[in-house]
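Because only heavy atoms are used, hydrogens play no part in the values below, and waters and symmetry mates are left out as well, while side chains stay in. In this text the structure is predicted, and so the values were computed from the model without any measurement. Residue numbering restarts at 1 for every chain, and letters A, B, ... go by the order of the sequence lines.
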2 protein chains.
Amino acid sequence: MSEDDLPPVPPPRRRDAAATRASILRAARDAFTRLGYDGAGVREIARAADVDTRLISRYFGSKEGLFAEVVDLAYEKSLMMTPELNADAAHALLIETDQGAVDGLLLTLRSASNARAAAIMRDSIERNYQTRLAEALPGTDTMARSALLVALCSGVLLTRTLLGSTALNDAQVERMVPYLRAALDAVAVAPAEDGDD
Amino acid sequence: MSEDDLPPVPPPRRRDAAATRASILRAARDAFTRLGYDGAGVREIARAADVDTRLISRYFGSKEGLFAEVVDLAYEKSLMMTPELNADAAHALLIETDQGAVDGLLLTLRSASNARAAAIMRDSIERNYQTRLAEALPGTDTMARSALLVALCSGVLLTRTLLGSTALNDAQVERMVPYLRAALDAVAVAPAEDGDD
DNA sequence: ATGCTATGTCCACACTGGTGGACATGTAAA
DNA sequence: TTTACATGTCCACCAGTGTGGACATAGCAT
C-alpha cells in the first residue's frame with residue numbers, strides 16, 4: 001500500500017531533494033492516515049522519513065501544506081461506488097478494512113475534526129473524487145448523490161475502524177454486506193428504476 | 001438544547017458542589033460537541049462554566065472522566081432510526097443539522113479521531129443506544145443492523161457538518177431525503193419484506 | 001580545484017495542553 | 001462560638017506542539 005505510487009527510500013544517502021520530498025510525503029501519508037491531522041506531529045513524520053524536521057517546513061511551507069499534498073495524492077485513486085461496484089464497495093468497507101482502496105476515506109475520517117484540515121479535504125474530495133464519481137452515476141442529481149454515497153461509506157468506515165464497533169467487527173458482519181449494498185444501491189441507481197443486477 | 005436536562009446555573013448558594021458539577025457538565029457537553037475531545041481544553045470548559053480549572057480534575061478525575069460522563073448523557077436521548085422514523089431521521093440529518101437530536105452523533109464525530117475518546121464513546125453507544133435501537137428493529141441480526149444504521153447516519157452528518165460538503169448543504173439537498181430514507185430502509189426493514197409504508 | 005547554491009542539521013523560541021500542590025474560605029456540625 | 005471538612009483559588013510544572021534562525025556540508029558549474 002506504500003511502494004506503488006511513491007518511490008521507496010533510496011539506500012544511497014546522498015543529497016536528493018526529490019527523494020527527500022517523496023520520503024516525507026510517504027511518511028506523512030502513513031502518519032496522517034493512522035493518527036489524523038492533529039494526532040500526527042511533524043517531528044514524528046520527519047523521524048519516520050529519516051529526515052530532519054526542518055525540511056518539512058522548507059519543502060511544504062507548513063504542516064498544512066504537507067497535509068494538502070498528501071490528501072490530493074490519497075484521493076487520486078480511491079474506492080469507487082458505482083452501481084456495478086457497490087457489491088465490491090460493501091465488501092471492502094465491511095470486510096477488508098485498512099486496504100489501500102479505503103485509505104483515502106480513513107485519512108478523511110481521522111482528520112475531519114480539525115476545521116482547517118476538513119476544508120483542505122473537502123476541496124480535494126470535490127475536486128478529485130466526487131466529480132469523477134458523479135459522472136459514473138445514472139439519473140439526475142448525480143453530484144449530490146455522489147456526495148451522499150461518499151457520506152454513507154465514510155460512516156461505515158468511521159464506525160468500524162475509528163469507533164471500533166464490536167457489532168461491525170465480528171464474524172457475522174458478512175451478513176451485513178447485502179444490507180449495505182442495498183443501501184448504496186438505493187442511492188446509486190436511478191430514482192425510478194429498481195436496479196438489482 | 002442546554003436547559004432541559006441539566007439544571008441551570010444556580011443563583012443562591014455560593015458553594016454548591018452539585019451545581020458546580022452540573023455547570024461543568026453543561027459547558028463540557030457544549031465544548032466537546034462543538035470542538036471535539038482534542039479541540040476542547042479544560043481551561044476553556046472551566047471558563048465557560050465560570051468555574052476554576054482545578055475543579056474539573058477534582059470532580060471528574062481527569063478530562064477523560066469528564067468526557068465519559070458527557071458522552072453517557074448525550075446518548076441517553078438521541079435520534080432513533082426505526083423503520084417508522086427513517087423519514088424523520090433522513091430529514092433531520094440532511095436539513096436541520098445541529099438540532100438536539102443529532103448532537104450525540106455530532107459529539108461522536110468530532111471526537112472519533114482520538115483513540116481513547118473513541119473507546120469511551122463506543123462503550124456508551126453500545127450500552128445506551130445501540131441496544132435500544134436493536135430492540136426496535138424487525139427481523140434478524142438486529143444488533144449488527146442497528147450498528148450499520150448508526151454508521152450510515154454518522155457518515156451523512158460527518159460529510160455535511162464536519163467536512164462541509166457543498167453538495168449536501170445547498171438548497172437542493174432536500175431532493176436527497178428520499179434517497180437517504182431508502183438507504184436507511186434498506187437496512188431497517190426486515191430482509192425478506194419490502195416495507196414501504 | 002574553487003566558489004556558489006542547494007540541501008541537510010542543530011538548537012531554541014513561544015505557546016498551549018493537562019495535572020497537581022499548597023493555600024484560602026465558606027458551610028455545617030459539635 | 002469554635003472546630004473540621006468540603007469547596008474554591010492561585011500558581012507552577014512538565015511535556016507537547018509548529019516554526020524559524022544560524023550554521024555545516026555536499027554537489028555542480030566554472
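- Side-chain contact between A:E174 and A:I95: present, with at least one pair of heavy atoms (C-beta onward) separated by less than 4.5 Å.
- Minimum interatomic distance between A:A74 and A:L107 (heavy atoms only, all atoms of both residues): CB-CD2, 3.8 Å.
- Using a 4.0 Å cut-off, some side-chain N or O of A:T20 falls inside it from OP1 or OP2 of C:dG8.
- The distance between atom CG of B:L35 and atom C1' of C:dG18, rounded to the nearest whole Å, is 17 Å.
- Distance, B:R47 CZ to D:dT9 P: 15 Å, rounded to whole Å.
- Across the protein-nucleic acid pair, A:F60 atom CZ and D:dT19 atom P stand 13 Å apart, rounded to whole Å.
- Atom CD1 in A:I56 sits roughly 12 Å away from atom P in C:dG8 (whole-Å rounding).
- Across the protein-nucleic acid pair, B:R21 atom CZ and D:dA6 atom P stand 16 Å apart, rounded to whole Å.
- A:D52 places its CG atom 7 Å from the C1' atom of C:dG8, with the value rounded to the nearest Å.
- Between the C1' atom of C:dG18 and the CD1 atom of B:I45 lies a distance of 11 Å, rounded to the nearest Å.
- With sequence neighbours excluded, no residue satisfies salt bridge (charged side-chain N to carboxylate O under 4.0 Å, His left out) with B:R122.
- In plain terms, the two heavy atoms of B:S113 and A:R110 that are nearest each other are CB-O, 3.2 Å.
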- Run the numbers on B:V150 and B:L105 for side chain to side chain contact (heavy atoms under 4.5 Å, CB included), then give the verdict. CA-CA 9 Å; B:V150 174; B:L105 279 181; 4.2 Å; yes
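- Two residues are said to be in side-chain contact when any heavy atoms from C-beta on lie closer than 4.5 Å; B:D123 and B:R127 meet this criterion.
- For B:L55 and C:dT19, the CG to P distance is 14 Å, given to the nearest whole Å.
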Which side-chain N or O atoms in residues 40-47 of chain B pair as donor and acceptor under 3.5 Å with protein atoms at least two apart or in another chain?
none

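- Shown for residues 113-124 of chain B: no residue has heavy atoms falling under 4.0 angstrom of DNA chain C.
- One finds no salt bridge joining A:D103 and A:R29 here, because no Lys/Arg side-chain nitrogen approaches an Asp/Glu carboxylate oxygen to under 4.0 Å.
- B:F67 and B:F32 have perpendicular rings, their planes meeting at more than 60° on a 0 to 90° scale where under 30° would count as parallel.
- Taking the salt bridge (charged side-chain N to carboxylate O under 4.0 Å, His left out) definition, one finds that B:D38 meets it with nothing, sequence neighbours left out.
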Letter by letter from the 5' end, nucleotides 13-18 of chain D scores (B base, S sugar-phosphate only, - none; protein heavy atoms under 4.0 Å) ----BB
Are any protein N/O atoms closer than 3.5 Å to N/O atoms in nucleotides 20-22 of chain D? If there are, list each pair with its distance.
{"residue": "D:dG20", "atom": "N7", "partner": "A:R54", "partner atom": "NE", "Å": "3.1"}
{"residue": "D:dG21", "atom": "O6", "partner": "A:R54", "partner atom": "NE", "Å": "3.3"}

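- Looking at A:P178 and A:R175, their side chains never come closer than 4.5 Å, going by heavy atoms from C-beta outward.
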